[in-house]
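Here the structure is laid out as structure tokens; the discussion comes afterwards.
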Amino acid sequence: MDATDAARERLTAALVLTGTEDRVAFRKLYDLTAAKLFGICLRICGERQGAEDVLAEVYLTVWRRAGAFEPGRSSPITWLAAIARNRAIDWRRARGSRPTAPLADAPDVADPAPLASELLEAAGEAARLHGCLAGLEERQRATISTAFFDGVTYAELADRQAVPLGTVKSWVRRGLQALKRCLQA
């Protein structure tokens, strides 16, 4: 058995005996744990006087509830630390002493992501656009999609399809007019 196991056994024994209202065991328990539990209380309370008051409440609670400690369920220091933590949090809540800054001093932390309503609206518009595109003639749909979504110029489209430039421009113009009518409907 190493030193850590031996310390845990001493602490467990002191806590179990405290559950039988053994004052000597309670004093030993206090001596073994007061520094650690005070540190927990001080960290949460943020002030020495408050931490001392909370620590007194912690040991009153331990005296009353030590009989409920079950050595097989948790380590004694974990059980004690949970009591200290909970009491200190209760103390903070009761005092309402959380440091706050005026709302005017709050940094601007706007979320750059679009709002859900904007995303839904955009999705609806995209669905309408794709529906209208599907209603175009195949040549118009392919030409518009390639020109606007792939960034291909009219001249490149004319070369790829081996048609005059004016023809490509006419397909795009008539297709855009049909899209406009469809989207306005």
Side-chain angles (χ1 to χ4, degrees), residues 2 4 8 35-51 53-55 57-58 70 72-185:
D2 66 0
T4 305
R8 183 177 180 166
K36 180 168 184 72
L37 298 183
F38 180 71
I40 292 169
C41 294
L42 184 60
R43 187 180 75 243
I44 295 170
C45 293
E47 62 181 61
R48 185 173 188 82
Q49 184 60 49
D53 292 345
V54 170
L55 188 65
E57 291 178 28
V58 167
E70 297 176 26
R73 285 190 72 190
S74 68
S75 74
I77 198 63
T78 301
W79 190 79
L80 293 165
I83 293 171
R85 179 183 174 276
N86 292 338
R87 287 283 179 241
I89 289 171
D90 290 345
W91 180 88
R92 288 279 305 223
R93 286 182 182 150
R95 294 197 28 131
S97 62
R98 290 190 180 146
T100 58
L103 204 49
D105 295 343
D108 185 20
V109 219
D111 185 1
L115 298 173
S117 60
E118 293 170 346
L119 291 174
L120 288 173
E121 185 178 336
E125 289 175 3
R128 283 184 48 220
L129 176 61
H130 287 292
C132 289
L133 274 171
L136 296 177
E137 293 177 12
E138 176 60 34
R139 288 185 306 197
Q140 290 175 336
R141 179 176 48 250
T143 305
I144 289 172
S145 295
T146 306
F148 289 95
F149 298 135
D150 297 338
V152 177
T153 67
Y154 293 164
E156 291 171 334
L157 283 169
D159 287 342
R160 286 183 187 180
Q161 296 180 15
V163 295
L165 179 61
T167 302
V168 170
K169 288 182 179 181
S170 293
W171 289 344
V172 171
R173 184 172 182 272
R174 283 193 299 258
L176 290 176
Q177 288 172 339
L179 277 178
K180 182 178 179 181
R181 284 191 304 273
C182 178
L183 291 171
Q184 288 175 342

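Here the structure is a predicted model, which is why all the values come from computation and not from measurement.
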Show the atom names and distances, to 0.1 Å, of all donor-acceptor pairs under 3.5 Å that link a side chain in residues 153-167 to residues at least two apart or in another chain.
unit_1: T153; atom_1: OG1; unit_2: E156; atom_2: N; d: 3.2
unit_1: T153; atom_1: OG1; unit_2: E156; atom_2: OE1; d: 3.4
unit_1: E156; atom_1: OE1; unit_2: T153; atom_2: N; d: 3.1

- Item | Residue pairs fulfilling salt bridge (Lys or Arg N to Asp or Glu O under 4.0 Å) with at least one residue in residues 167-185, sequence neighbours excluded | none
- Task: Drop me the distance from L133's CG to L183's CG, to the nearest 0.5 angstrom.
- Result: 8.5 Å
- Drop me the distance from I40's CD1 to L55's CG, to the nearest 0.5 angstrom. 10.0 Å
- Taking only residues two or more places apart in sequence, or in another chain, which ones meet D53 in a side chain to side chain donor-acceptor pair (under 3.5 Å)? Q49
- Task: Keeping to residues at least two apart or across chains, list the disulfide bond (SG atoms under 2.5 Å apart) pairs with something in residues 130-185.
- Result: C132-C182
- Excluding sequence neighbours, so at least two apart, what forms salt bridge (charged side-chain N to carboxylate O under 4.0 Å, His left out) with R48? E52
- Task: Quick one: list whatever passes side chain to side chain donor-acceptor pair (under 3.5 Å) with S74, sequence neighbours left out.
- Result: none
- Message: Rounded to the nearest 0.5 Å, what separates atom CD1 in I144 from atom CG in L179?
- Response: 5.0 Å
- Shortest non-hydrogen contact between F38 and A51, atoms and distance: CE1-CB, 3.6 Å
- Spacing of CD belonging to E57 relative to SG belonging to C41, to within rounding of 0.5 Å: 9.0 Å
- The side-chain contact (heavy atoms from CB on, under 4.5 Å) partners of D90 (sequence neighbours excluded) come to R87, R93
- Task: For A88, enumerate each residue passing the side-chain contact (heavy atoms from CB on, under 4.5 Å) test, keeping only those at least two apart in sequence or located in another chain.
- Result: I44, C45, V54
- Item | Check against side-chain contact (heavy atoms from CB on, under 4.5 Å), E47 and R95 | CA-CA 12 Å; E47 62 181 61; R95 294 197 28 131; 3.8 Å; yes
- Task: Taking side chain to side chain donor-acceptor pair (under 3.5 Å) as the test, write out the residues that go with T78, two or more places apart.
- Result: S75
- Taking only residues at least two apart or on different chains, which pairs with a member in residues 133-149 satisfy side chain to side chain donor-acceptor pair (under 3.5 Å)? E138-R141
